[in-house]
Undergrad: 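I'd like to ask you about the structure that follows.
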Amino acid sequence: MTNLSPLQIERLKYEPKLPSSLANGISHLVSVEGSATQSVANQDEISALFRNTYGKPTVTFKTSSESHSCEARNVGVILSGGQAPGGHNVIAGLYDALKQANPLNKLYGFLGGPSGIIEGKYVEFDDKFIDAYRNTGGFDIIGSGRTKLETEEQFQSSWEVCKKLGISAVVIIGGDDSNTNAALLAEWFVAHNAGIQVIGCPKTIDGDLKNEQIEISFGFDTATKTYAELIGNIERDANSAKKYWHFVKIMGRSASHVALEAALQTQPNITLISEEVEQKRMSLSSIIDYISDIVVRRSNNGKNFGIAVIPEGLIEFVPELKSMIANLNDIMSTLESNSAYTNGTDADKIAIIENTLSSENSSVFKSLPALIKSQLLMDRDPHGNVQVSKIETEKLLISMVEERLASLKKEGKYSGKFSTQSHFFGYEGRCAFPSNFDADYCYSLGFNAFALINFGLTGYLSSVRNLTAPATEWIAGGVPLTMMMNMERRHGEMKPVIKKALVELDGPVFKKLETNREDWAMNDRYLFPGAIQYFGPSSVCDITTVTLALEKSLVKA
């Protein structure tokens, strides 16, 4: 091998572990059905939209002493949405299971995400191709994309491409939106007697694609450990220099699982949780008060430094900002046809927005710094919403805390120094070398996806459970995608989508933070987890996330 680092060479050699049921071979599996399922909400609407795939039972795979043969078949695979560590291993597991079942089986990878199956852009995998990507980060094996599969034309084109290649099953590796696409495609194929199955795999570093059957989405383990290493490094620096407050924004738009997990691994002085802000209806002013109070109290103890962890999507959970952004999302589509807006300068656009928003939301918009106003007007995401990752919430908080501290200083209530550094950790964690856990978990998810295909299932999500136990004790099976769905407003219309799993404020993970919040605020309880370890004692290499450990311990209790 050339142009590879020593670690790359070693990781290519790693052999992922499988649940014992899968390790005994595809030909020795039996499928055990659970009870019928229903969607998490809006049952009437979801069942009407998914007449052919709704209400299916969960399934679990067990080993049989009997062996059965598998007919030759072709399968397609799509990487969809943002990258997450371990995606390559999902494909490797799928490929190995497929070839184990029948050496004549073929696996096609669609290039550039869902657009690949629509446009017929693909590669056929072979051993050499797959072997170059085992246990590596990234999605570069075939690339990814965010094209939505939702129109009749797209479904028809996908069918034509599959017929051309003789594909009888498609695996979509993605998050909640991508697997909503999978559910829609599965329903369409069944309704049109296409004879093509669709299976999803739960990918997202955000950790918001989970339920009783999906204990964790792949990539979350690696990404949070990567961010925790970086935060730990910053904590060590802050505790050494003793002169900076570091505000760290962490990826995770709609849920704060990543920020919460990284905080539990590092124990910073301040951790904001979006779901808590929303439930308590904390205003932006009250958040600034909370941060400023800790800054002042630490300063009184001679500590003009600290670490604040902020979830990426915080701005959408502050009540007055949430209302303003929702209003902004609604009017932006109409403004796209307004030449005065589209051809105007940033100042022109801001003025038009201020005059178009409702009076209350306009007041909130006007109160924001010019930088944040401009960022709110950037290009929309695929759903027509504000791209919150481009809003520098950490700088907004720093600016407002500075103003509050200046006022307190004039009142004689603060005499310290407030020097700051801001950071955004996102892309640093999306393509990291997968941890041993993610390498094993992803390989198992891919292997299991073919097992679901082999049993003729469609509209299912690959599920591997019991994840705090050794990999041999993991439980493989599948959960119907419709079971995870509800109706939400998108682009002004109510549409079926997989419901995001948010941080549960009465759950053991948040309670761990809440219990220690004051102690961590005033005392420097910093933890330094360091880099992900791949070799050595299992207690170091295979340690799971705090989130998964706490959630599973509650279930066992």
Side-chain angles (χ1 to χ4, degrees), residues 26 29-39 46-61 70-78 80 90 93-94 97-98 101-102 105-108 110 114 117-118 149-150 152 154-163 165-174 176-203 209 213-214 445-464 476-485 496-498:
I26 289 292
L29 287 176
V30 291
S31 173
V32 180
E33 290 190 356
S35 57
T37 61
Q38 63 179 15
S39 58
I46 301 296
S47 61
L49 291 169
F50 296 88
R51 297 183 184 279
N52 300 286
T53 52
Y54 185 85
K56 301 294 184 180
T58 57
V59 298
T60 301
F61 293 128
C70 303
E71 295 182 2
R73 62 191 308 165
N74 297 344
V75 176
V77 63
I78 299 169
S80 180
V90 179
L94 174 62
L98 176 145
N102 190 321
N105 286 344
K106 294 180 180 180
L107 180 62
Y108 294 95
F110 290 107
I117 193 172
I118 297 170
L149 292 170
E150 56 183 352
E152 190 74 17
Q154 290 173 328
F155 295 150
Q156 188 68 46
S157 296
S158 299
W159 189 12
E160 294 300 325
V161 170
C162 288
K163 284 193 290 186
L165 297 174
I167 286 175
S168 60
V170 175
V171 175
I172 296 180
I173 302 167
D176 55 313
D177 286 320
S178 301
N179 278 294
T180 295
N181 291 346
L184 291 167
L185 186 62
E187 175 68 20
W188 193 92
F189 279 154
V190 175
H192 289 77
N193 297 312
I196 302 172
Q197 301 161 248
V198 181
I199 300 296
C201 283
K203 173 246 27 159
L209 178 57
Q213 301 292 326
I214 308 297
L445 286 171
F447 205 97
N448 185 64
F450 184 75
L452 292 168
I453 292 169
N454 206 42
F455 278 92
L457 301 171
T458 190
Y460 275 73
L461 191 65
S462 181
S463 168
V464 176
V479 54
L481 286 164
T482 56
M483 180 182 173
M484 305 173 68
M485 302 184 84
V497 296
I498 290 176

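FYI, side chains are in, hydrogens and waters are out, and symmetry mates aren't considered; it's all heavy atoms of this structure. Count residues from 1 along the sequence.
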Undergrad: Determine whether more than 12 heavy atoms belonging to other residues, nucleotides or ligands lie under 6.0 Å from atom CD of E71.
TA: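 Atom CD in E71 is not packed in, count stays at 12 or less.
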Undergrad: Minimum heavy-atom separation for I199 and A449, please, with both atom names.
TA: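 That would be CG2-CB, 4.1 Å.
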Undergrad: Say whether, by atom type as modelled, one donor and one acceptor occur between the side chain of Q213 and the main chain of G478 under 3.5 angstrom.
TA: no
Undergrad: Measuring from L49:CG to M485:CE, what's the distance to the nearest 0.5 Å?
TA: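 Rounded to the nearest 0.5 Å, the CG-CE separation comes out at 8.5 Å.
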Undergrad: What verdict does the side-chain hydrogen bond (donor to acceptor under 3.5 Å, both in side chains) test give for W188 and Q156, after you've listed the backbone C-alpha separation in whole Å, the side-chain angles of each residue and the deciding distance to 0.1 Å?
TA: CA-CA 9 Å; W188 193 92; Q156 188 68 46; 6.0 Å; no
Undergrad: Return yes if some donor-acceptor pair links the side-chain N/O of Y460 with the main-chain N/O of K56 below 3.5 Å, else return no.
TA: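 No: the side chain of Y460 does not pair with the backbone of K56.
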Undergrad: Using 0.5 Å steps for rounding, measure from the CG atom of N105 to the CD1 atom of I26.
TA: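 Rounded to the nearest 0.5 Å, the CG-CD1 separation comes to 10.0 Å.
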Undergrad: Below 4.5 Å, heavy atoms only, C-beta onward: do F189 and Q197 meet side chain to side chain?
TA: no
Undergrad: Could you report the tightest heavy-atom contact between S39 and Y54, atom names first, then the distance?
TA: N-OH, 2.9 Å
Undergrad: Is there a side chain to side chain contact (heavy atoms under 4.5 Å, CB included) between Y108 and V161 once you walk through the steps?
TA: CA-CA 11 Å; Y108 294 95; V161 170; over 6 Å; no
Undergrad: Counting only N and O atoms by type, is there a donor-acceptor contact under 3.5 Å from the side chain of K203 to the main-chain atoms of I172?
TA: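 Not confirmed, K203 side chain does not pair with I172 backbone.
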Undergrad: Do F110 and L165 have side-chain heavy atoms sitting under 4.5 Å apart?
TA: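 When only atoms from C-beta onward are counted, L165 and F110 do touch, with a gap below 4.5 Å.
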Undergrad: Return the OG to CG distance between S462 and L457, rounded to the nearest 0.5 Å.
TA: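 Between S462 OG and L457 CG, I get 11.0 Å after rounding to 0.5 Å.
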Undergrad: Minimum heavy-atom separation for G76 and I167, please, with both atom names.
TA: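 Minimum heavy-atom contact is N-CG2, 3.8 Å.
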Undergrad: Roughly how far, to the nearest 0.5 Å, is the CE atom of M483 from the CD1 atom of I214?
TA: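 The CD1 atom of I214 sits 9.5 Å away from the CE atom of M483.
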Undergrad: Without swapping roles, check the side chain of N448 against the backbone of G477 for a donor-acceptor pair under 3.5 Å.
TA: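 Between the backbone of G477 and the side chain of N448 there is a qualifying donor-acceptor contact (under 3.5 Å).
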Undergrad: Which residue is it: I117, N74, V75? I am looking for the one with a side chain to side chain contact (heavy atoms under 4.5 Å, CB included) to C162.
TA: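 Going through I117, N74, V75 one by one, the side chain to side chain contact (heavy atoms under 4.5 Å, CB included) with C162 is satisfied by I117 alone.
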Undergrad: Please report the closest heavy-atom contact between I78 and P114, naming both atoms and the distance.
TA: CG2-N, 3.6 Å
Undergrad: Going from OG1 on T482 to CD1 on I498, what distance comes out if it is rounded to the nearest 0.5 angstrom?
TA: 9.5 Å
Undergrad: How about F455 and V59: do any of their side-chain heavy atoms sit closer than 4.5 Å?
TA: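 No, side chains not in contact.
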Undergrad: Side chains of L149 and L184: does their closest heavy-atom pair fall under 4.5 Å?
TA: no
Undergrad: Write down the atom of L185, the atom of F155, and the distance for their closest heavy-atom approach.
TA: CD1-CD2, 3.5 Å
Undergrad: Can you measure from CG (L94) to CD1 (I453) and round to the nearest 0.5 angstrom?
TA: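 Between atom CG of L94 and atom CD1 of I453 there are 6.0 Å.
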Undergrad: Do I196 and T458 have side chains that approach each other closer than 4.5 Å (heavy atoms only, starting at C-beta)?
TA: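 The answer is no, as the side chains (C-beta and beyond) never meet within the 4.5 Å cut-off.
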Undergrad: Indicate the atoms forming the closest heavy-atom contact of L481 with A183, along with that distance.
TA: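 Shortest heavy-atom contact: CD1-N, 3.7 Å.
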Undergrad: Under 3.5 Å, side chain of E187 to main-chain N/O of N52, donor-acceptor pair present?
TA: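 Looks like yes, one N/O pair under 3.5 Å.
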Undergrad: Quick check on side chain to side chain contact (heavy atoms under 4.5 Å, CB included): which of D176, L209, V497, N179 does M484 satisfy it with?
TA: L209
